[in-house]
Each structure stands twice: as C-alpha cells, then as structure tokens.
There are 2 protein chains.
Amino acid sequence: MKKRSELLREAIEEMIAVGKLAPGQHLDETELATQFGVSRTPIREALIQLASMGIIVMRPRRGAIVAEISPQKLIEMFEVMSEIEAMCARLAARRMSPADHAALLAAHHACEEARNAPDPDEYFYRGETFHQCIYAGSHNAFLIEQARTLHRRLRPYRRLQLRVHGRIDKSFSEHDAVVQAIIEGRSDAAGELLRDHIMIQGHRFTDLIASLSRISNQAA
Amino acid sequence: MKKRSELLREAIEEMIAVGKLAPGQHLDETELATQFGVSRTPIREALIQLASMGIIVMRPRRGAIVAEISPQKLIEMFEVMSEIEAMCARLAARRMSPADHAALLAAHHACEEARNAPDPDEYFYRGETFHQCIYAGSHNAFLIEQARTLHRRLRPYRRLQLRVHGRIDKSFSEHDAVVQAIIEGRSDAAGELLRDHIMIQGHRFTDLIASLSRISNQAA
DNA sequence: ACTTATTTGTCCGTATGTATA
DNA sequence: CTATACATACGGACAAATAAG
C-alpha cells in the first residue's frame with residue numbers, strides 16, 4: 001500500500017507537467033489541502049519531495065513556487081539528459097534480452113500508430129514508454145532511476161517541443177534509427193543517435209525560449 | 001535564515017556519512033526528535049528529504065532505515081559516476097579557460113606532493129579538489145551539481161579504494177594523462193581516460209565487496 | 001488467532017516570521 | 001515606520017497499522 005503523500009506528490013507533479021500549475025506560481029498549502037480533501041501535513045510532505053526533486057522551490061517562511069527554469073539552465077539540463085540517455089542506449093545495445101527487444105519494438109510501433117492521432121499528446125505519452133524501454137534495457141537500476149528523475153523534470157518541456165510543426169515525424173524517424181542500432185548491437189551508434197535526438201530539443205534555443213513564455217501563459 | 005529541517009537533514013546525513021548510523025539501521029523518529037530537542041515534525045521532513053536523495057529508505061508504516069548499498073548497486077553507481085565524470089572531462093577539454101587550466105594544474109601538483117604523505121587521506125582530499133576542478137571546467141552548473149551529489153554518495157568507497165597497495169601512484173599517473181588530454185583539447189580522449197580512471201574502482205568487484213564489510217565494521 | 005504495545009501517519013492548534021496597508 | 005493580516009513552521013494529540021507476545 002502506497003503512502004498518501006506519494007499519491008499527492010504524483011498528483012501535484014502531474015498538474016505541473018500538464019501546465020495546470022505554471023512555473024513561478026505560488027502553491028498554497030491550505031488551498032491544496034482543501035482541494036484534495038486532506039490536512040496540510042501530507043501536502044507539506046508531498047511538497048518537500050517535489051522540492052528535493054527540483055520540481056518546485058521552497059523558500060523558508062515564504063512558501064513554495066513551481067520552479068522557474070531559466071533558458072540557460074534548461075539547455076544545461078538537456079545537455080546532461082542527452083548524455084544520460086546516450087549511456088542508456090549504449091548499454092541497451094549491449095545488454096538487451098530478446099524480451100527487451102520485443103518490448104522496445106512494441107513501444108516503437110505504438111508511437112508509429114500515434115503519429116497522426118487527433119491528440120498530439122498521445123504521441124508524447126507513447127514516446128515516454130519508448131524512452132523508458134531504453135532506460136530499462138540498460139539493466140542498471142541506478143541509472144534507470146537517475147534517467148527517470150531527470151526525465152520527469154524535463155517532462156513539460158519535452159511535451160511542448162513536440163508541438164513544433166513536423167517534429168513528430170522527425171522524432172519518429174530518429175527513434176527508428178535508434179531502434180535499429182540497438183537491435184543490431186551497434187552500441188556507440190545507438191548512443192550518438194539518441195544523444196542527438198535529445199539535443200535537437202536543446203539546440204534550438206529560440207524554440208525553447210519561445211515555449212517558455214508560452215508555458216507560463218497556458219493554464220490548460 | 002535556513003529551515004530547521006534543512007539543518008537536521010545535514011546533521012543526520014553527516015551521522016550516516018561517518019558511520020554513526022550504520023546501513024540497515026532503523027531510524028526512530030521519536031528518538032531522533034528528543035536527541036535533537038525538537039518535535040517529530042521537522043525530523044520527518046528531514047527524513048523525507050534524505051529518502052528522495054536515496055540516502056535512506058522509507059517503507060510505509062514500517063519506518064525508515066539507512067539505505068543498504070549492495071555490491072551490485074555500488075557497481076551500478078560507479079558505472080554511472082564514470083560516465084558523468086567522462087562527460088565533465090569532455091566538456092572541460094572544450095570549454096576550460098586559461099584560469100581553469102591553472103586551477104587544474106595547481107590541484108594536480110598538490111596531489112603530486114601528497115603522494116608520499118604520511119596520512120594516506122591527504123591524497124584523497126586533494127584528489128577531491130582535483131576532480132571538482134574538472135567538474136567546474138564543464139561550465140555546466142547543472143552537471144556540476146549532479147556530479148557533486150553522486151560524488152558525495154560514493155565518497156566513503158572512493159576513499160577506501162586508495163588504501164589498495166600501489167593505487168595512489170597509479171591514480172596519479174592516470175590523473176596526469178587526463179590533465180594532458182584536457183589541456184590539449186583532446187575531448188574524447190579526456191573522457192575515456194577519466195572514465196577508465198573511475199571504473200577501475202568499479203571493476204574490482206572483490207576489492208569493493210571486501211571494503212563493504214570493512215566499512216560497516218569501522219565506526220570511526 | 002487474538003491482544004497488547006509501540007510506532008507511524010494525519011489532523012489541528014499555536015506562534016513566529018513575512019508581506020502589506 | 002508601525003501595525004495588521006496572513007501563511008508558514010512547529011508542537012502535541014489522536015487514530016490506524018504493524019509487530020510482538
């Protein structure tokens with residue numbers, strides 16, 4: 001049985017990921033408490049968890065706000081994320097079992113089906129499963145955890161990146177190249193392909209900066 | 001002004017780092033509360049932070065215990081650490097300023113002087129500064145933070161590794177090769193050299209497993 | 001399997017510090 | 001600058017769940 005604060009953390013985290021709570025927005029403990037029908041204590045504990053993950057910032061006696069990530073820091077985070085994922089891909093190419101390959105291909109094909117879905121977020125969600133498959137394929141539990149944590153922090157931005165015109169199709173063909181490299185055991189190639197796939201999002205300074213202002217304006 | 005739970009987290013973290021609280025040991029909230037002269041609330045908040053860092057493990061309704069790092073997990077952590085440091089080295093080779101070079105060389109020479117110091121920990125401490133120089137040279141604040149965090153968690157094990165006979169001299173010559181590569185801007189070489197330098201500690205399964213039993217016995 | 005005891009998870013009251021008029 | 005209002009940080013109490021006998 002899961003802890004109450006764990007569930008609350010996930011709920012609040014999701015609200016932040018989908019932009020329901022925008023960066024910089026103040027998180028009122030009492031308000032959240034009544035909203036979820038609990039007291040302030042479990043809310044506080046959930047907020048503390050989010051704070052140690054870097055999702056929100058807690059200023060002593062001044063409450064918590066959703067973390068505002070500067071474009072500079074965002075670039076830095078993508079730079080690290082790309083290397084973490086590259087490492088996952090290299091290890092996956094060497095260590096994946098036939099069952100892992102099957103799971104990866106299934107996730108990949110699920111993305112293919114979602115390419116022209118009416119809801120653009122559908123591809124986003126399936127893409128997440130795809131990346132998680134590669135993390136898991138590294139067979140390094142600590143690395144998987146690190147990758148997941150970073151992924152969660154960058155989630156809102158990765159999602160917005162797919163809104164750029166034509167990005168979904170390009171994303172899929174990049175995925176395809178990665179899959180081939182992994183299955184054929186071309187470790188270094190897999191790493192480089194996945195790194196570039198992630199860094200495309202980081203390299204486009206302008207897109208990202210633009211999405212920054214967009215994310216703070218969109219409340220849904 | 002810092003929060004109470006922040007200070008408590010640091011205090012408890014230190015107790016764990018110096019072995020005052022051994023891996024697997026149960027952390028009694030009430031006991032810690034009376035020990036620090038506070039109520040259970042700030043203790044709980046500190047524990048939650050330590051749990052999200054992976055320092056302790058909180059099982060629902062069953063309390064918190066100091067995380068037990070299995071040899072398997074230790075290997076995994078070193079595997080990740082080696083890639084993080086490799087990334088730092090690659091970036092450092094491309095981005096270091098002349099001032100950065102000077103700082104790196106200074107730290108390197110400080111290690112050289114400590115090679116035959118009576119206290120073997122002297123080399124360890126100067127080696128830490130050396131590695132921090134490389135982190136800083138990446139000029140990626142987020143990466144620096146990640147590297148520091150991981151470094152802190154592996155600190156006890158890195159220190160023990162240097163007790164192996166002849167390891168200090170080998171460590172220094174590996175450092176030397178890394179320094180040359182960084183200064184000459186050979187990015188990929190610097191990365192690979194530093195990765196191997198770290199992984200030497202991970203590859204020696206037996207040494208690490210041996211140090212595991214030793215570390216749980218030494219209370220000072 | 002039942003009872004007891006300890007410990008955690010949650011709620012609420014209060015005081016202190018921050019922001020605002 | 002003072003005073004007021006309000007949100008946060010902490011303490012204490014209660015209830016529920018687990019472990020022990």
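Reminder, nothing fancy here: chain letters follow the sequence lines and each chain counts from 1.
Put simply, CD on A:E29 is 12 Å from C1' on D:dC10, counting in whole angstrom units. Separating the CD1 atom of A:I65 from the C1' atom of D:dA7 is a distance of 15 Å, rounded to the nearest angstrom. Counting to the nearest Å, the C1' atom of C:dG9 and the CG atom of B:L47 are 13 Å from each other. The distance between atom CD1 of B:I43 and atom P of C:dG9, rounded to the nearest whole Å, is 14 Å. Going from atom CZ of B:R40 over to atom P of C:dC12 covers 17 Å, rounded to whole Å. Atom CD of B:Q49 is separated from atom C1' of D:dA9 by 13 Å (rounded to the nearest Å). The separation between B:E31 atom CD and C:dT8 atom C1' is 15 Å, rounded to whole Å. Atom CZ of B:R44 is separated from atom C1' of C:dT7 by 10 Å (rounded to the nearest Å).
A salt bridge does not link A:E128 to A:R152: none of the charged side-chain nitrogens sits closer than 4.0 Å to a carboxylate oxygen.
By the 4.5 Å heavy-atom criterion applied to side chains, B:H131 and B:H197 are counted as neighbours.
Of the candidate nucleotides D:dA7, C:dC11, C:dT8, C:dT8 has the atom nearest to the side chain of B:T30.
B:I182 pairs in a side chain to side chain contact (heavy atoms under 4.5 Å, CB included) with only one of the listed residues (B:L194, B:D100, B:I134), which is B:I134.
In the interface, the side chain of B:S39 is not paired with the base of D:dG12 through any donor and acceptor atom under 3.5 Å apart. The base of C:dT16 sits within donor-acceptor range of the side chain of A:R61, with an N or O pair under 3.5 Å.
The side chain of A:H26 places no N or O atom within less than 4.0 Å of a non-bridging phosphate oxygen (OP1 or OP2) of C:dA19. An OP1 or OP2 oxygen of C:dA19 is reached within less than 4.0 angstrom by a side-chain nitrogen or oxygen of A:R62.
Between B:H175 and B:F130, the ring planes lie parallel to each other; the angle is under 30°, not in the 30° to 60° tilted range.
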